[in-house]
2 protein chains.
Amino acid sequence: MSITKDEVPSVTLQCGDCTIRHRAVCARCTPDEVSDLEKIKFYRTYEAGQTIVWAGDDMEFVASVVTGIATITQAMEDGRTQMVGLLLPSDFVGRPGRTTAAYNVTATTDVLMCCFRRKPFEAMIERTPHLAQRLLQMTLDELDAAREWMLLLGRKTAREKIASLLSIIARRNASLQMKNPSESMTFDLPLTREAMADYLGLTLETVSRQISALKRDGVIILDGKRHVTVPDMEALLLEAGDDADGGLFN
Amino acid sequence: MSITKDEVPSVTLQCGDCTIRHRAVCARCTPDEVSDLEKIKFYRTYEAGQTIVWAGDDMEFVASVVTGIATITQAMEDGRTQMVGLLLPSDFVGRPGRTTAAYNVTATTDVLMCCFRRKPFEAMIERTPHLAQRLLQMTLDELDAAREWMLLLGRKTAREKIASLLSIIARRNASLQMKNPSESMTFDLPLTREAMADYLGLTLETVSRQISALKRDGVIILDGKRHVTVPDMEALLLEAGDDADGGLFN
DNA sequence: CGAATCGTTGAGGTATATCAAATTTCGTGG
DNA sequence: CCACGAAATTTGATATACCTCAACGATTCG
């Protein structure tokens with residue numbers, strides 16, 4: 001996990017064939033607006049483990065995750081850490097109107113970010129309703145996700161927390177692969193046990209134990225430490241303690 | 001706590017001298033835009049204890065809290081409940097673009113709401129950048145608050161949770177009364193022990209015990225069950241486990 | 001005055017944290 | 001390719017913070 005100098009991808013990407021074009025903050029923008037955005041954008045890459053933003057630092061840019069996974073975390077002085085967001089491709093990083101970062105953002109896999117210089121981006125929000133509208137929509141979605149997580153953190157048992165996390169990851173993969181979510185599903189965990197613990201408000205030992213328990217009970221099948229098969233999504237959803245249907249939208 | 005028919009206030013309020021005009025969703029609107037809003041607005045009152053919105057119901061309106069306090073809660077099938085938001089004057093209720101309410105909203109005191117019919121309001125957002133921009137700002141603030149709460153729910157001890165809640169309420173009162181927050185402060189708890197428990201992810205017994213403990217330790221002074229004096233805000237902040245300064249913005 | 005609501009306090013149980021050690025995985029260099 | 005060390009993970013033993021169940025006190029309201 002060595003830290004090397006950021007490197008601009010050898011081929012500069014064009015917004016026209018960007019993989020997140022239809023989901024990112026620019027989703028509603030007209031071609032004209034996109035070409036305005038293109039003038040203030042630049043790419044950055046981060047290696048797995050690298051910090052993208054330090055809480056308290058000046059924010060020179062806001063950005064969209066193009067590929068890879070990053071985490072948003074908040075820490076107390078004594079080291080207790082809570083993940084407060086998981087950033088997937090198309091997710092937005094940074095808050096227009098704020099000069100100082102409030103959270104740590106860390107790459108958990110190699111990450112490619114599409115960055116916009118903050119000042120020009122803020123100016124553009126003021127004059128581009130499509131941008132503000134899309135950002136509002138995305139922020140409302142994030143708020144919903146945060147609230148769902150508050151229920152998990154405040155009221156769910158350790159087993160339910162693990163099952164919830166697994167089903168969220170599974171659901172995500174399902175939506176990518178366009179599979180019927182009731183079938184059996186297979187995916188890789190993008191997080192270490194410690195990162196899962198920070199997400200779920202548990203210790204890594206408890207995470208490990210509960211994963212072992214779910215495995216023992218046949219709810220999941222493990223191949224190695226990270227490769228998970230869920231033979232019966234219904235059963236997993238049941239363990240998560242959510243409403244039977246689990247997540248209608250998204 | 002009887003439930004009576006909603007009643008429009010005897011005097012219909014005018015946006016011009018509305019107490020939340022400068023903080024609510026309409027804060028950035030021009031006089032013209034406000035008068036457009038005025039055409040689709042109506043007032044509703046709710047008594048303490050009354051439900052304002054049921055999760056799953058159709059949302060006919062979105063609204064601003066004008067006076068009083070309401071809570072946003074989420075419940076699991078077995079009854080476990082988590083508060084995911086606290087609504088104070090000027091806060092916004094409802095999500096444009098969504099037809100069905102995702103959460104329960106309940107009045108904890110008598111509440112006056114300034115409501116907008118949802119459809120026309122959504123249309124107005126599309127054509128009124130000032131409205132979308134302000135709503136974005138407010139939503140970003142809520143997201144920050146939700147994330148701060150995630151840290152509390154996931155990583156703080158019961159005592160820290162109580163101290164955090166008290167300091168948030170105290171800070172709020174300070175900002176209303178324009179007092180120096182380092183002085184001693186007095187305020188009333190707007191929540192029952194049970195509501196506090198639902199907010200903090202605790203049982204009401206634990207809330208009661210921790211409040212007693214803070215009282216025993218001289219961190220707070222109780223007069224009755226709800227009237228609280230904090231002789232030394234610094235000490236309370238310390239108990240909350242936050243950074244020394246505690247809350248720069250807002 | 002009695003019932004209902006709200007809050008406090010106590011005793012004991014349990015889920016999860018903490019501390020500790022063994023085991024597996026994985027990257028690196030010989 | 002293999003050996004080594006570091007990191008990640010699992011598992012065990014024990015501690016403890018918080019929950020659960022229960023009883024009781026205070027306040028309000030009809």
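All chains are named by letter (A, B, ...) in the order of the sequence lines, taking the proteins before the strands, and each is independently numbered beginning at 1. Computed from a predicted structure; not experimentally measured.
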Quickly work out the [X] [atom1] to [N] [atom2] distance and round it to whole Å.
| X | N | atom1 | atom2 | answer |
| --- | --- | --- | --- | --- |
| A:Lys225 | D:dA8 | NZ | P | 14 Å |
| A:Arg193 | D:dA7 | CZ | C1' | 13 Å |
| A:Arg226 | D:dA8 | CZ | C1' | 8 Å |
| A:Leu222 | C:dT23 | CG | P | 20 Å |
| A:Asp223 | C:dT24 | CG | P | 16 Å |
| A:Leu189 | D:dA8 | CG | P | 15 Å |
| A:Leu214 | D:dT10 | CG | P | 12 Å |
| B:Lys156 | D:dA17 | NZ | P | 18 Å |

May I ask you to decide whether A:Glu239 forms a salt bridge with A:Lys161, counting only side-chain N to carboxylate O separations under 4.0 Å? no
According to a strict under-4.0 Å criterion, is A:Thr203 in side-chain N/O contact with OP1 or OP2 of C:dT18? no
B:Thr206 side chain near D:dA17 phosphate (N/O to OP1/OP2, under 4.0 Å): no
From D:dT10, C:dT8, C:dT16, pick the nucleotide closest to the side chain of A:Ser208?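 Nearest to the side-chain atoms of A:Ser208, counting from C-beta on, is D:dT10.
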Give the nucleotide from the list D:dC18, C:dT9, D:dT10 with an atom nearest to the side chain of B:Ser212.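 Given the options D:dC18, C:dT9, D:dT10, the side chain of B:Ser212 is closest to C:dT9.
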Start at the 5' end of DNA chain D and walk down; is the nucleotide closest to A:Glu194 or to B:Gln210 reached first? A:Glu194
For B:Arg159 and A:Leu204, find the nucleotide of DNA chain D closest to each by heavy atoms; which residue's nucleotide sits nearer the 5' end? A:Leu204
hbond_proxy A:Glu205 side chain to C:dC19 base (donor-acceptor, 3.5 Å cutoff):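 Result: at least one qualifying N/O pair found.
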Check if the side chain of A:Arg209 and the base of C:dT18 share a donor-acceptor pair of N or O atoms closer than 3.5 Å. yes
Would you classify [X] as touching base, sugar-phosphate or nothing, given that sugar-phosphate means primed atoms plus P, OP1 and OP2, and contacts are heavy atoms under 4.0 Å?
| X | value |
| --- | --- |
| B:Leu202 | sugar-phosphate |
| A:Gly201 | sugar-phosphate |
| B:Arg155 | nothing |

Could you tell me whether the side chain of [X] and the main chain of [Y] form a donor-acceptor pair under 3.5 Å?
| X | Y | answer |
| --- | --- | --- |
| B:Asn104 | B:Ala55 | yes |
| B:Arg80 | A:Arg155 | yes |
| B:Gln210 | B:Val207 | no |

So, A:Ser167 and A:Ser164: side-chain donor and acceptor under 3.5 Å apart, yes or no? no
